[in-house]
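Here's the structure, in structure tokens; my notes come after.
Each ligand, and each atom within it, is numbered from 1 in the order the structure gives.
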Amino acid sequence: MAASEEVLALKAEVALREKELSSLKQKLAAALLAEQESVPVSPLPPKAALSREEILRYSRQLVLPELGVRGQLRLATASVLVVGCGGLGCPLAQYLAAAGVGRIGLVDYDVVEMSNLARQVLHGEALAGQAKAFSAAASLRRLNSAVECVPYAQALTPATALDLVRRYDVVADCSDNVPTRYLVNDACVLAGRPLVSASALRFEGQLTVYHYDGGPCYRCVFPQPPPVETVTNCADGGVLGVVTGVLGCLQALEVLKIAARLGPSYSGSLLLFDALGGYFRSIQLRKRRPDCAACGEQPTVTDLQDYEAFCGSSATDKCRSLQLLSPKERVSVTDYQRLLDSGTPHLLLDVRPQVEVDICHLPHALHIPLKHLERRDAKGLKLLGEAIRERKPGTQEGAALPVYVICKLGNDSQKAVKILQALTEAHELDALTVQDVVGGLMAWAAKIDETFPQY
Ligand SMILES: Nc1ncnc2c1ncn2[C@@H]1O[C@H](COP(=O)(O)OP(=O)(O)OP(=O)(O)O)[C@@H](O)[C@H]1O
């Protein structure tokens, strides 16, 4: 066969197999959905003895006097609701299943993405695009078929939270946003369930147990949500997978101790983990507030509320989109590409941190990180001034050079536009018109150049 014929034949074969794979994936999704219908609601029956298989399987933990057969039987009849099957939820659920917890509920509205795999260890490449709750349940069943895994491929919302939380003995918050944290807390207080909560970002993590045996709840410690702009998620700030792994395992430990009635270690105190420094420390949390809106003497939270409105942020949006500029101050990636193709003189300013520029960048962009602009860094401003003068069209005095600011997602670029506008008004920069590129480089990768890396 000539070379081009072989290529054509291979291409046809690939297309055929891709079609088959896509139909298989659809079948899998349907089968997984059907499974979700069979959600158990009845409490787990009491268990009087361990089987021969169970004795062998759990033998290494059974011989621990603190746990013993009695503790193992308690685990076998315990149920745990895991909110979020991501970086924390995966290792947590894995150890709960391995240890023989009777029933594990897995709530997550999201699907598996390639960028999850470096830390969300229950999901594999083959299940990219599938619901995380199903992927996690399938993985746990492979690990321990005796454990009942109940996937809920949906968001935990004020409409569903209380009913779901009431079906389980212990709740683990493995979510990644503030509205969900308040929602889970209030549902646990209303349902009378202990809540094991953790978070991880960059090289750091935190863990505590709320609402356990008269201890404080999340609202006792944080009566008011933090300002939206101070909250960073893993997509923006980054995280090392093993850090979520450590925190998820510690969460599992607290859950297991509660379920086996050994008592948790971190009710009323907060464990802090610094992975770069290589140390743990713990701090005392404030006691339960008598005036707490959720668990206080006269609670005002008697029903679940609109937590997104309360926190001013979304519980399910992956990318927080700020709206700091008017539509006139923004261009779409498509319009920017048109301008680029037309050869119009302009300056593209990339304001991402250096570490992200090292991952990928547009070669014609000038790079000055937002942080440098925020602190009016002299070197950065000089560089910018020179670049503007260099690119200015013609020699016309006072002519404004169009400057387009870009970042990863289109939030930092808006902040940078505000700073450049202020600098122009203060005559610290030559005349320029400045706009940001909506959606940033990730929109560029999605709509303009599919070879551009997404991260
Ligand atoms: N209200 C909610 N209901 C159900 N699942 C939730 C809710 N809020 C957050 N989650 C889930 O909690 C998990 C948090 O895990 P993590 O932050 O590691 O994952 P991620 O959001 O996929 O990460 P990345 O930010 O890197 O994309 C996510 O899978 C998210 O879908």
Atoms of ligand 1, numbered as shown, that sit under 4.0 Å from any heavy atom of [X]:
X: Asn116; answer: 22 (O)
X: Gly87; answer: 15 (O), 16 (P), 18 (O)
X: Ser175; answer: 8 (N), 9 (C), 12 (O)
X: Leu156; answer: 1 (N), 2 (C), 3 (N), 4 (C)
X: Ala315; answer: 8 (N)
X: Lys132; answer: 19 (O), 20 (P), 22 (O), 28 (C), 29 (O)

Does Cys220 offer a backbone N or O that forms a donor-acceptor pair with the side chain of Arg289 under 3.5 Å?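 Indeed, once roles are kept as given, a pair shorter than 3.5 Å links the two residues.
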
Are any side-chain N or O atoms of Gln454 and backbone N or O atoms of Met442, one a donor and one an acceptor, separated by less than 3.5 Å?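 Pair absent, no side-chain N/O of Gln454 close to backbone of Met442.
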
Between [Y] and [X], is the closest basic N to carboxylate O distance under 4.0 Å?
X: Arg57; Y: Glu54; result: no
X: Asp377; Y: Lys379; result: no
X: Lys415; Y: Asp412; result: yes

Pro179 near ligand 1 by a heavy-atom separation under 4.0 Å: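 The answer is no: ligand 1 sits nowhere under 4.0 Å from a heavy atom of Pro179.
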
Option nearest [atom] (shortest heavy-atom distance, choices [options]):
atom: atom 29 (O) of ligand 1; options: Val83, Asp108, Val239; result: Asp108
atom: atom 9 (C) of ligand 1; options: Asp176, Thr180, Thr244; result: Asp176
atom: atom 23 (O) of ligand 1; options: Glu113, Arg119, Gln154; result: Arg119

Write down the atom of Ala98, the atom of Asn144, and the distance for their closest heavy-atom approach.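 Taking every non-hydrogen atom into account, O-ND2, 4.3 Å.
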
Is Asn177 touching ligand 1 with its side chain, its backbone, both, or neither, if touching means heavy atoms under 4.0 Å apart?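 The side chain, only.
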
Classify the contact between Leu88 and ligand 1 as side chain, backbone, both or neither, using a heavy-atom distance cut-off of under 4.0 Å.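 For Leu88, there is no contact with ligand 1 at all, from either part.
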
With a cut-off of 3.5 Å and sequence neighbours excluded, list every side-chain donor-acceptor pair involving residues 212-219.
| residue | atom | partner | partner atom | Å |
| --- | --- | --- | --- | --- |
| Arg219 | NE | Asp186 | OD1 | 2.9 |
| Arg219 | NE | Asp186 | OD2 | 3.2 |
| Arg219 | NH2 | Asp186 | OD2 | 2.6 |

Do Gly84 and ligand 1 have an N or O pair less than 3.5 Å apart?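 No, Gly84 has no N/O under 3.5 Å of an N/O on ligand 1.
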
Check each of Leu340, Val333, Thr334 against Tyr336 using the side-chain contact (heavy atoms from CB on, under 4.5 Å) test, and report the only one that passes.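 Going through Leu340, Val333, Thr334 one by one, the side-chain contact (heavy atoms from CB on, under 4.5 Å) with Tyr336 is satisfied by Leu340 alone.
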
Check the side chains of Gln354 and His367 for a donor-acceptor pair under 3.5 angstrom, ignoring hydrogens and angles.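 Per modelled atom types, His367 and Gln354 side chains form a pair under 3.5 Å.
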
